[in-house]
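A note on names: the letters A, B, ... follow the listed sequences, proteins ahead of strands, and every chain is numbered from 1.
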Number of protein chains: 2
Amino acid sequence: MSSRVQNRSLQARIVSAEEAAALVPAGATLGTSGFTAAGAPKAVPQALARRAQEACARGERFGVRLLTGASTGPEVDGALGLEGAVDFRFPYQGDPAMRARINAGLIEYQDMHLSHVGPLIRYGYYGKVDFAVVEVAKVREDGSLVLGPAVGASNVYLEVAERVILEVNEGVDERYEGMHDVFGVTGRHGERREIPIYAADTRCGSPYVKLDPARVAAVVLTNAADRSGAFKAPEEVHRRIAGHILDFLEGEVRHGRLPPSLTPIQSGVGNIPNAVLAGLNEGPFEQMTAYTELIQDGMIDMLDSGKLRFASASAVALSPERQARYRRDLDRYRDRIVLRPQEISNSPEVIRRLGCIAMNGFVEADIYGHVNSTHIVGKGIENGIGGSGDFARNSACSIFMSPSTAKGGRISAIVPFASHVDSTEHDVTAVVTEYGLADLRCRSPKQKAREIIERCAHPDYRPLLRDYCRRAWDADEGRHSPHLLDEAFAFHNRYRALGDMRPGLEVRP
Amino acid sequence: MSSRVQNRSLQARIVSAEEAAALVPAGATLGTSGFTAAGAPKAVPQALARRAQEACARGERFGVRLLTGASTGPEVDGALGLEGAVDFRFPYQGDPAMRARINAGLIEYQDMHLSHVGPLIRYGYYGKVDFAVVEVAKVREDGSLVLGPAVGASNVYLEVAERVILEVNEGVDERYEGMHDVFGVTGRHGERREIPIYAADTRCGSPYVKLDPARVAAVVLTNAADRSGAFKAPEEVHRRIAGHILDFLEGEVRHGRLPPSLTPIQSGVGNIPNAVLAGLNEGPFEQMTAYTELIQDGMIDMLDSGKLRFASASAVALSPERQARYRRDLDRYRDRIVLRPQEISNSPEVIRRLGCIAMNGFVEADIYGHVNSTHIVGKGIENGIGGSGDFARNSACSIFMSPSTAKGGRISAIVPFASHVDSTEHDVTAVVTEYGLADLRCRSPKQKAREIIERCAHPDYRPLLRDYCRRAWDADEGRHSPHLLDEAFAFHNRYRALGDMRPGLEVRP
């Protein structure tokens, strides 16, 4: 018997993953834990995937509707995606198998702001959630739960689901107990109050998630690590992006618009945001705090150096190397990290109150500052908007960053018209590439275009972009944010036809 | 001497509009009152326009940077726009002369969420505000101000401006005293607290705006009415839109997702939102409240009928006919209306807490639910995003509405790709035209497209849109939200070439 299941009635409900998965009828709606691979269930989804495989072998079909916090691990989106066992997916994913099925038109996926998940589920817009499938570190005697490296939307699914399947992961460090601050915006319409958070380190909730053991259908024991990927070492292009952001922030401090320790930083997920964190770790700012959605490697380094005083997030997802160091020193990190539900980590109310500095990657930005965070030309959706919209809309500074080109220069990150818009011109403070930072504040669309083209676009593309602007601005039509709609996507169409955005458009004198 | 200027030191500063305008140097940044024509200054901007005209006659140029709450009256945007006396305009406008100059490329205009104005100005992003030019109903003995029919961003400009020019409008009903609830999010980074509003009728601020009389450079007496336009009587197409919205809301109440009195409603500005209010006034919901930005005719009718119990807004702007009735019965309305700064009326924090029902017009919506609120094909920008983004992003229901066609059917409001995106797919609950309502919740982009085309598009355009989808979805590229980028704007290009979006695209079998 596991010491991790301290509630007596739940000890009696320990079953195998297969037995737990057998409780789930085809077509059921599942709400799972997980925010990135961190804290996602490991066993039950894989057992469900096997059920789907067996059904398929019998010429039948087994699928579920899969709601999560954000992305999950390969045991959830990978396993279920591979078997085509998902009918509907919400609100974010980042798995190759799942992505391939979505872009093959086989899975209906709704991409949504991460802060919206709690409210939309509670409003009842996604119907009855049949099962919450949630990984925990421990079940306490009273049935309350100690979560692991992620909160995500677990509190929401545990609150609304008809029945609960718990995965008690004995591989999760027990010292996670006490690191969570579970506060949900649980009131019905007319009853909701403020989220009383006034700094990154404010605590206003409980370290535990309350749960009536009677609602638990099954408990499954696991012992498995989160499978997070490694980061690439920062490249020169990433270092230059970080440098431009540091210059910008130093200027803001110098002009008195930001305090010397900055405001709480938010950092998106991936190699470039991680490289910017590395830059901040070598920069001039001390005693920083983070109010972000995910703690990744760079933030651990900043906590180590002392540059970062405190980090609030919804999850910790580290590369295998950092994970080892983190676990070794967890006692030291425990007091400097708080993990919150994503409805709180990404709350517009709190982000605006704190005046965060948002730093997120982009796929493409157009000349007027509209940002595509999700769609890759000719390929379809990559992951989803995630929390970038929550932070971009509400932060004091919203910085979007990317190398100026991809595919060896064949794709420009700066285009005349974004082929998908996730954050609009109204929500973007600055766009930055390795060439420079375009400060879009206090500028009209045409002024923004000049900034973006001259500071951010790759020199190979500047003549093409200038030429587009010149002709669009000279046209007789509205000159506020003019476009030549018959060639707005010429860059994309050239890439699709010729594999390169560059050739073909002649620059007129 | 005016009884409206009770502060003795300010009595001594009463001057003519010309004298006040003479204080303003060319290139100055002005922050004015006004939220629509309501409460905008009447005399000083016109005097500035005359200065610009005189400068022009001398072969010189006189221009200012004009920051406001939202749109203003003809005395501000009309007069200054006509003289080309504005170098930079922020954050919203709705005046024909100003619009023409912007779309002629002569004025740099930055279109911004109305809730962002307060924070962005206080962050210092718009530089020093040289003068606040604010219309008030009265100056009290201690120098504090009684505002009139609008709060807008007056509190912000009065807070940050170097010097203040007051227009004391003796034509404003003195019974406005007490109708305001001035609460500003004034703390610097790290010091801001919650906005303690939990219902439309919560009061948390002061009825007055505090002001140190020493900062006042001039007081100008005026006696002029706000010049708001009349509404058109609801047409059949508007009534049908209202009917679909009522059906939807009734369904939500029936399914327990909305309370019987709904949640606080927000209504955009214009004929269609006003017609929807007329529909709600004849509908089944009782004891409603409004948490909105502008009280227009339809809301007064709802207050009269008792359907609406209380309305919170940033301004009251009525047609001349309703204005007469409103003034006659102001004593009765005083207790059922509160006027707030726009940073509060449009606050994401409050809108999300209250779970508002947002109802805004749109210019065009694309098949995947991205909404263009601002740009008209071949013409440029119309007004601006206003508060639609604040409410769309944060409300429990975000409904966008428009007739399915414009220009006698020659323009479709539903297009393959929106020619400008103001609210993205992530922020739109429902799209509605006279043909029906597309419920976009819990749907993937392709599912949304089917809903929008089959329920909302005009029948003339459905075959064209279906054909576009069929071919885009059959293409080899990503099938999550597929587009044919070489004909994404074919509707727009046909309209620009031929004056009609319909002909020319052959429907393939």
Atom pairs and distances, side-chain donor-acceptor, residues 380-388 of chain B, under 3.5 Å, sequence neighbours left out:
residue: B:Asn383; atom: OD1; partner: B:Arg99; partner atom: NH2; Å: 2.7
residue: B:Ser388; atom: OG; partner: B:Ile385; partner atom: O; Å: 2.8

Ranked by heavy-atom pairs below 4.5 Å to chain B, first place among A:Glu191, A:Glu252, A:His375, A:His116 goes to A:His116

Applying a strict 4.5 Å limit to non-hydrogen atoms, the region of B:Cys397 in contact with chain A is both

(message) Under a 3.5 Å distance rule, please check whether A:Arg393 uses its side chain to pair with a backbone N or O of B:Arg393 as donor and acceptor.
(response) no

Bottom line for B:Thr263: the part with an atom under 4.5 Å from chain A's heavy atoms is side chain

Okay, B:Ile102 and chain A: the region with an atom under 4.5 Å from a heavy atom over there is both

Q.
Taking atom CZ as the centre, does A:Arg188 end up with more than 12 heavy-atom neighbours from other residues, nucleotides or ligands that are less than 6.0 angstrom away?
A. no

Applying a strict 4.5 Å limit to non-hydrogen atoms, the region of A:Asp422 in contact with chain B is both

field: NZ or CZ of A:Arg193 within 45° of B:Tyr198 ring axis and under 6.0 Å
entry: yes

- Query: Is there side-chain contact between A:His113 and B:Asp427, with at least one heavy-atom pair below 4.5 Å?
  - Reply: yes

Per-residue tally against chain A (heavy atom, under 4.5 Å) across B:Lys446, B:Arg65, B:Gln447 peaks at B:Gln447

So SG of B:Cys442 and CG of A:Leu120: to nearest 0.5 Å the spacing works out to 9.5 Å

Checking A:Glu425, A:His483, A:His480 against B:His420 for side chain to side chain donor-acceptor pair (under 3.5 Å), the one that qualifies is A:Glu425

Separation between NE2 (B:His492) and CG (A:Asp486), nearest 0.5 Å, reads 12.5 Å

Okay, B:Ala100 and chain A: the region with an atom under 4.5 Å from a heavy atom over there is neither

Honestly, the part of A:Ala418 sitting under 4.5 Å from a heavy atom of chain B is backbone

When the 4.5 angstrom heavy-atom criterion is applied to A:His255 and chain B, the contacting part is neither

Honestly, the part of A:Arg89 sitting under 4.5 Å from a heavy atom of chain B is neither

Ranking B:Ser481, B:Pro91, B:Gly256 by heavy-atom pairs under 4.5 Å to chain A gives rank one to B:Ser481

Whatever's closer than 4.5 Å to a heavy atom in chain B on A:Tyr123 counts as both

When the 4.5 angstrom heavy-atom criterion is applied to B:Leu440 and chain A, the contacting part is backbone

Turns out that what part of B:Tyr125 lies under 4.5 Å from chain A's heavy atoms comes down to both

Cut-off 4.5 Å, heavy atoms of chain A, and the answer for B:Ala199 is neither

Inset, instruction - Determine, for B:Glu349 against A:Arg352, whether the closest basic-nitrogen to carboxylate-oxygen distance falls under 4.0 angstrom. - result: no

The interface call for B:Tyr368 against chain A, heavy-atom contacts under 4.5 Å, is neither

Correct closest heavy-atom pair for A:Pro259 and B:His189 would be CD-CD2, 4.1 Å

Ranking A:Ile195, A:Thr424, A:Leu485 by heavy-atom pairs under 4.5 Å to chain B gives rank one to A:Leu485

From the list B:Pro196, B:Gly105, B:Ser423, B:Gly190, the residue making the most non-hydrogen contacts under 4.5 Å with chain A is B:Gly105

Chain A shares the most heavy-atom pairs under 4.5 Å, among B:Pro348, B:Ser347, B:Pro264, B:Gly187, with B:Pro348

Tested for side chain to side chain contact (heavy atoms under 4.5 Å, CB included) against B:Gln110, the lone hit among A:Lys448, A:Arg443, A:His426 is A:Lys448

Interatomic distance, CG@A:Asn394 vs OG@B:Ser115, rounded to 0.5 Å, equals 7.5 Å

- Message: Tell me whether A:Arg353 contacts the main-chain N or O of B:Arg192 through its side chain, where contact means a donor paired with an acceptor under 3.5 Å.
- Response: no

So salt bridge (charged side-chain N to carboxylate O under 4.0 Å, His left out) across residues 102-122 of chain A, not counting sequence neighbours, yields A:Arg122-A:Glu159, A:Arg122-A:Glu343

